[in-house]
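A short worksheet on the structure shown next.
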Amino acid sequence: MSSPFPEIYLVRHGETEWSLSGRHTGRSDIPLTANGEAAAGKLTERLAGLSFSAVWSSPSERARKTCALAGFGSGAVIKGDLAEWNYGAYEGITTKEILAGRPDWQLFRDGCPSGETAADVGARADAVIDALRAEAATILIFSSSHFLRVLAARWLGLPPQDGARFVLDTTSISVLGYEHDLSEPVIRRWNQR
């Protein structure tokens, strides 16, 4: 279903060794696996026929590589606010390992020691949303799971912690948009593989 209003296409980066093993990958530059590269290349077909006024990418290697393999690398603008959650002391550690020492921990509620809280990530998401609304155009974004989940929550006017309610697979495509007018932000499609 097409919309007369701007749409924001969100693409989560391709698979990495750390995303495959469940290790928190915030600011570490972990390359795509061979499977991640193949899936990123298939985004060309999945996004065929769509026209974007701009392409934005997280500064991470995995997002930039996914963007390039999808055929959008040459025109992409790197936006620092699209970076994944800074996991601080939990960088490279799985949730299972964190829960072994902190059984009641939840990322979206508790954040990370020496890293970001949901409110911190939400502030960056709000800055991105302000820029998107100022552009008032259809834009393609390449980033990472937890950041995009917070972005979706904030797009809807929900607290950043509600990003926990959304799940994103690698190389998934999601679309933010509007319903009846620009005062009604909605999620038009989510986590399409």
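As the structure is a computational prediction, the values presented were derived from the model and not from experiment.
- Linking ILVMFWY side-chain heavy atoms closer than 4.5 Å, directly or via other members, places Leu168 and Leu107 in a single hydrophobic cluster.
- Partners of Arg124 under the salt bridge (Lys or Arg N to Asp or Glu O under 4.0 Å) rule, at least two apart in sequence or in another chain, are Glu116.
- For Gln192, the CD atom sits in a packed shell: over 12 heavy atoms of surrounding residues, nucleotides or ligands are nearer than 6.0 Å.
- Taking both residues in full, the closest heavy atoms of Cys67 and Val55 are given as SG-CG1, 3.9 Å, listed atom of the first, atom of the second, then distance.
- Among pairs with a residue in residues 172-181, those fulfilling side-chain hydrogen bond (donor to acceptor under 3.5 Å, both in side chains) read Arg133-Tyr178, Ser172-Asn191, His180-Glu184, Asp181-Ser183, at least two apart in sequence or across chains.
- The six-membered or imidazole ring of Trp85 lies away from that of Tyr90, with a centre-to-centre distance of 6.0 Å or more.
- Checked by atom type, the side-chain pair Ser58/Glu84 shows no donor-acceptor distance below 3.5 Å.
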Would you please test Leu151 and Ile129 for side chain to side chain contact (heavy atoms under 4.5 Å, CB included) and show each step?
CA-CA 8 Å; Leu151 181 68; Ile129 290 168; 3.6 Å; yes
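- Every residue meeting the side-chain hydrogen bond (donor to acceptor under 3.5 Å, both in side chains) condition with Arg154, not counting sequence neighbours, appears here in chain and number order: Asp126.
- A tilted orientation is assigned to the rings of Phe72 and Phe142, their planes being inclined by 30° to 60°.
- By the neighbour-count criterion of 12 heavy atoms within 6.0 Å, atom CZ of Arg102 is densely surrounded, having more than that number from other residues, nucleotides or ligands.
- Here the rule is side chain to side chain donor-acceptor pair (under 3.5 Å) with Glu15, and of Thr170, Thr33, Thr171 only Thr33 fits it.
- Under the 4.5 Å side-chain heavy-atom criterion for Ile, Leu, Val, Met, Phe, Trp and Tyr, Ile98 and Phe108 are members of the same hydrophobic cluster.
- Between Arg189 and Ile173 the shortest side-chain heavy-atom distance does not fall below 4.5 Å.
- Residue Phe147 is grouped with residue Ile8 when hydrophobic side chains (ILVMFWY) are merged at heavy-atom distances under 4.5 angstrom, including chains of intermediate members.
- Within the 4.5 Å cutoff, side-chain heavy atoms of His24 are placed close to those of His146.
- Linking Ile, Leu, Val, Met, Phe, Trp and Tyr whenever their side-chain heavy atoms come within less than 4.5 Å leaves Leu140 and Val77 in two separate clusters.
- The two atoms that bring Trp155 and Val186 nearest to each other are NE1-O, 3.3 Å, heavy atoms only.
- For the residue pair Arg188 and Tyr9, no side-chain donor N or O sits within less than 3.5 Å of a side-chain acceptor on the partner.
- A continuous path of hydrophobic side-chain contacts links Ile141 to Ile187 [ILVMFWY only; heavy atoms under 4.5 Å].
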Between Trp56 and Leu132, does the side chain to side chain contact (heavy atoms under 4.5 Å, CB included) criterion hold? Intermediate values first, please.
CA-CA 10 Å; Trp56 298 352; Leu132 289 168; 3.4 Å; yes
